[in-house]
Amino acid sequence: MIKPQFNKREVLVFHHFQRKGYSVFASLGREVIISVLSVATLSAAKAESISDETWRVDSTKTPAREVTLDDVCVMGSRAPLTVSQAARMVTVLSREDIAQAPVQSINDLLKMAVGIDVRQRGPLGSQTDISIRGGTQEQITVLLNGINICDPQTAHNTFDLPCDLSDIVRVEVLEGPAGRIYGTSSLVGAINIVTTSHNKGTEIYAEGGSYGYGRIGGRMSMGNNSISSSYTRSDGYSRSKSGRLNTDFSGSKAFYQGNYDDEQVRLSWHVGIADKGWGSGTFYATPRWQADEQYEHTTKIYSALQGENKRGFVHFMPALYWNQNRDRYEGYRGQPDIMKYNYNRCDVYGLKLNSYFDWTLGRTAFGAELRNEDLVSGNLGEPLFNTHHIAGTDRDYTLGVNRTNISAHLEHNLLLRRFTLSAGFVAAKSTWSSMNMTIYPGVDISYVAWENPSLHKLKLFASYNTSLRPPSFTEMYYKLQGYAADPHLKPEEMQAIEVGANYQSDIFQAKFTAYHHHGKDMIDWVMDTRQGEQAQWQSVNHTKINSYGIEANATLDLRHLLKLETHQSTLDISYNYIEQDKDLERGIVSQYALEYLRHKLVARLQTDVWRQLSMGLSCRWQDRVGSYTNFSDEICDYRPYALVDARVQWEAPRYTLYVEANNLLDNRSYVDFGNVQQPGLWLIGGVKIQLLQ
């Protein structure tokens, strides 16, 4: 539970988190004074960007000991600010949230964040579309240690991460347009996955469960370096009409990271690979094309080198990165004679610089980024002058697209005792678009309206931000099996206003946010079902879409309230409501943009049961707007549904035993994507062993 503290205590310095230049929302250019991560429930790990609440140490290891986070820096803006200064709101999911939640992937973890829409095609992270505040999966920026890892070909496979859950320190979520902070693509928000190389020792784990599921892996740290790897597989939960498995999956990943730190500079780097194949069942099927044995295989490589100077008037934080995404899509699994496989390779090269300096009137940040996106493909793009051979096949990449995105930013932060004003802009230009260099401004304001010695605190905040997103290469060029893309799509643009309040005390915390998003030229795939057998999905720009939403969260510390003799016992309830004013004409079906969660309610209880035995119970209820056409050509509305997950865990000093149940009530009738069957009850048991400390 993240909880405030009444009395001032000695600040502990955890050197492993000092001056992390790679963290987007935390600790750029300042010394991080923090001992451990939160032992909070998932949704309770909210922050007032991030928050100046107190994070409680795991009392099984450090009894009755708490640490104050007054000097932690965050990056809800271009310039690093302490938590008491920052104006932008950020949600933080900690290492303990991951350990206690009944999840095997970051995809599943994000289901518990109320502002995030997680639309699952395959289970346990095999394929999931993730969006924020009624947007689409293409409209968010996903970062690994502050490096943009979005695939410009398609966002369907963005969360094929090379790092394991044991590598991740926290997941940071920024809701709302973030063009001023991240440039293009961050139309409705950003998700940053932060890893660490400082977990000393060696850990191995193994787990197994329903439908032939199994996962093994391990992690080893050596000084300032660490390496992890894992292998996962499952037979899947369904079969095709011919009786063959069609939702099976298997994959491996490996991740290396390290850093160098002295009095002058700090360097950090990571290299990772994720290789995975999965049966795609009816993932992309249409009423005209009811294929139920689709298959996809992806290989992703991620690398980055980042640095920061520790001395001098101006702090420079450069980064150099290269990401490669390869995928093979089989419309008919193992049958290229019926439909040729689709091959794509996308290389992304980037160079960016963020800098800041302090002066009499506050803190000013400036910088720029150059990002080149190069796709070669068998079915996407324009004809290539020089073809490229597809390794392992007798075919060539004959099509391709190349574009360079250029951006520059400037921001100033006015910092007073109770008041913070962050204002700035990003200027962006893409070689693909005919648009001139365009400026997207933003401003964030926060004010501490009430604060007393017992740390009861009320903070008010407001913001206005803008952003843009160029279309993905798939949205521009995909033209197979009932899909017809438009290569002349315009970039999407977004303006958003947000206001809210955050209250915290030693027992109770609450946050309320209201927001309005105004989208222009929003991109979606739509189908005119009135065309009958000639109907197909077409990528289009909607004229305008207005979204109105509210988000509320309340967290209760039951241990303090009821004076329980436990290490922790917390109850967290969150709710999000969205309304959009853009309706489709009769007979027009939307695939993404207008299929949003109108209601999402998440409740989570985390408590110690007995000695080292703990239990986590979570429930989410959601109601989606929109409809889909089933394989009988009937238009079906999405219906509300509820799912319950649970985890029971025994934690000893050198090992952890756990049992998880996903979809505990065995709900098999819910639909997350039209015509995609979902799994019922999924049981998992596992063990983690610490070999070396």
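Computed from a prediction, not measured in an experiment: that's the story for all the values here.
- No side-chain N or O of Q137 forms a donor-acceptor pair with one of D117 less than 3.5 Å apart.
- A salt bridge does not link E296 to R121: none of the charged side-chain nitrogens sits closer than 4.0 Å to a carboxylate oxygen.
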Under the salt bridge (Lys or Arg N to Asp or Glu O under 4.0 Å) criterion, do E579 and R598 qualify, and how do the steps go? CA-CA 6 Å; E579 177 68 35; R598 174 166 288 166; 3.0 Å; yes
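- Residue K490 places its NZ atom among 12 or fewer non-hydrogen atoms of other residues, nucleotides or ligands, all under 6.0 Å distant.
- The CD atom of Q324 lies 4.5 Å from the CG atom of D347; values are rounded to the nearest 0.5 Å.
- Atom NE2 of H389 is surrounded by more than 12 heavy atoms from other residues, nucleotides or ligands within 6.0 Å.
- One N or O on the side chain of Q290 and one on the backbone of F631 form a donor-acceptor pair closer than 3.5 Å.
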Going through the distances and angles, do R326 and D275 end up as a salt bridge (Lys or Arg N to Asp or Glu O under 4.0 Å)? CA-CA 9 Å; R326 294 174 181 258; D275 184 85; over 6 Å; no
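- Using a 3.5 Å distance cut-off with no hydrogens or angles, the side chains of Y477 and E382 do pair a donor with an acceptor.
- In summary, the side chains of Q120 and K111 do present a donor paired with an acceptor at a separation below 3.5 Å, with no hydrogens or angles considered.
- Taking the six-membered ring for Trp and the full ring otherwise, Y295 and W278 have centroids separated by 6.0 Å or more.
- Using a 4.5 Å heavy-atom cutoff, the side chains of N546 and H516 are in contact.
- For an aromatic pair to be called close, the ring centres must be under 6.0 Å apart, and F255 with H270 satisfies this.
- Contact detail for T466 and P177: the closest heavy-atom pair is C-CB, 4.0 Å.
- Between R624 and D637 there is no salt bridge, since none of the side-chain N atoms of the basic residue sits less than 4.0 Å from a carboxylate O of the acidic one.
- Classification of K300 and D151 as a salt-bridged pair holds, one side-chain N sitting under 4.0 Å from a carboxylate O.
- No side-chain donor from either of Y515 and E551 sits under 3.5 Å from a side-chain acceptor of the other.
- A donor-acceptor contact closer than 3.5 angstrom links the side chains of E293 and S242.
- For the residue pair T298 / D160, a side-chain donor-acceptor distance below 3.5 Å is found, with atom types taken as modelled.
- Proximity of a side-chain donor or acceptor of K253 to a complementary backbone N or O of L161 within less than 3.5 Å is detected.
- Between N145 and T195, the side chains place a donor N or O and an acceptor N or O closer than 3.5 Å (distance only, hydrogens not considered).
- Of all the heavy atoms in I635 and T629, the pair that sits closest is CG1-OG1, 4.0 Å.
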Decide yes or no on side-chain contact (heavy atoms from CB on, under 4.5 Å) for V348 and R371, but give the supporting numbers first. CA-CA 7 Å; V348 179; R371 177 182 171 94; 3.4 Å; yes
Between K544 and D521, does a salt bridge (Lys or Arg N to Asp or Glu O under 4.0 Å) hold up when you go through it step by step? CA-CA 6 Å; K544 297 177 182 179; D521 293 325; over 6 Å; no
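- Ring planes of Y483 and W525: perpendicular class, angle over 60° (limits at 30 and 60°).
- In this structure a side-chain-to-backbone donor-acceptor pair under 3.5 Å is missing from K352 to G367.
- In this structure, the side chain of T282 engages the main chain of N675 through a donor-acceptor pair within 3.5 Å.
- Judged by distance alone, the side chains of N246 and S238 do bring a donor and an acceptor atom under 3.5 Å apart.
- In summary, the side chains of Y329 and Q294 do present a donor paired with an acceptor at a separation below 3.5 Å, with no hydrogens or angles considered.
- One finds the CG atom of D581 at 7.5 Å from the OG atom of S547 (value rounded to the nearest 0.5 Å).
- Judged by distance alone, with hydrogens and angles left aside, the side-chain atoms of Q580 form a donor-acceptor pair with the main-chain N or O of G134 at under 3.5 Å.
- Here the side chain of S539 pairs a donor or acceptor atom with the backbone of E475 at under 3.5 angstrom.
- For the residue pair N372/N402, the side-chain donor-acceptor check at 3.5 Å is satisfied.
- Taking the side chain as every heavy atom from C-beta outward, Q622 and Y641 approach each other to under 4.5 Å.
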Carefully, step by step, assess K340 and E330 under the rule salt bridge (Lys or Arg N to Asp or Glu O under 4.0 Å). CA-CA 7 Å; K340 285 186 177 181; E330 304 176 13; over 6 Å; no
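- For R78 (side chain) and I181 (main-chain N/O), a donor-acceptor pair under 3.5 Å exists by modelled atom type.
- Two residues are said to be in side-chain contact when any heavy atoms from C-beta on lie closer than 4.5 Å; K520 and M494 fail this criterion.
- Between the side chain of Q139 and the backbone N or O of T136, at least one donor-acceptor pair lies under 3.5 Å.
- Of the possible polar contacts, one joining the S131 side chain to the G135 backbone as a donor-acceptor pair under 3.5 Å is found.
- Atom OG1 of T91 sits about 7.5 Å away from atom CD1 of I116, to the nearest 0.5 Å.
- For the residue pair I147 and A319, the shortest heavy atom distance occurs at CD1-CB, 4.0 Å.
- Geometrically, R119 engages Y638 in a cation-pi contact defined by less than 6.0 Å to the ring centre and at most 45° from the axis.
- The heavy-atom pair separating L143 from N148 by the smallest distance is CD2-N, 3.9 Å.
- The OH atom of Y397 lies 16.0 Å from the CG atom of N386; values are rounded to the nearest 0.5 Å.
- With hydrogens and angles left out, the side-chain atoms of N157 and Q127 include a donor and acceptor closer than 3.5 Å.
- At distances below 3.5 Å, not a single donor-acceptor pair connects side-chain atoms of N344 with backbone N or O atoms of R328.
- Here Q495 contributes atom CD and S467 contributes atom OG; the two are 11.0 Å apart, rounded to the nearest 0.5 Å.
- Put simply, CG on L375 and OG1 on T154 are 11.0 Å apart, with the number rounded to the nearest 0.5 Å.
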I'd like to know whether Y284 forms a ring-ring contact (aromatic ring centres under 6.0 Å, His included) with H156, so could you lay out the CA-CA distance, the side-chain angles of the two residues, the decisive distance to 0.1 Å, and finally the verdict. CA-CA 11 Å; Y284 305 107; H156 285 311; 5.7 Å; yes
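- Residues P287 and N630 approach most closely at CG-O, 3.8 Å, considering heavy atoms.
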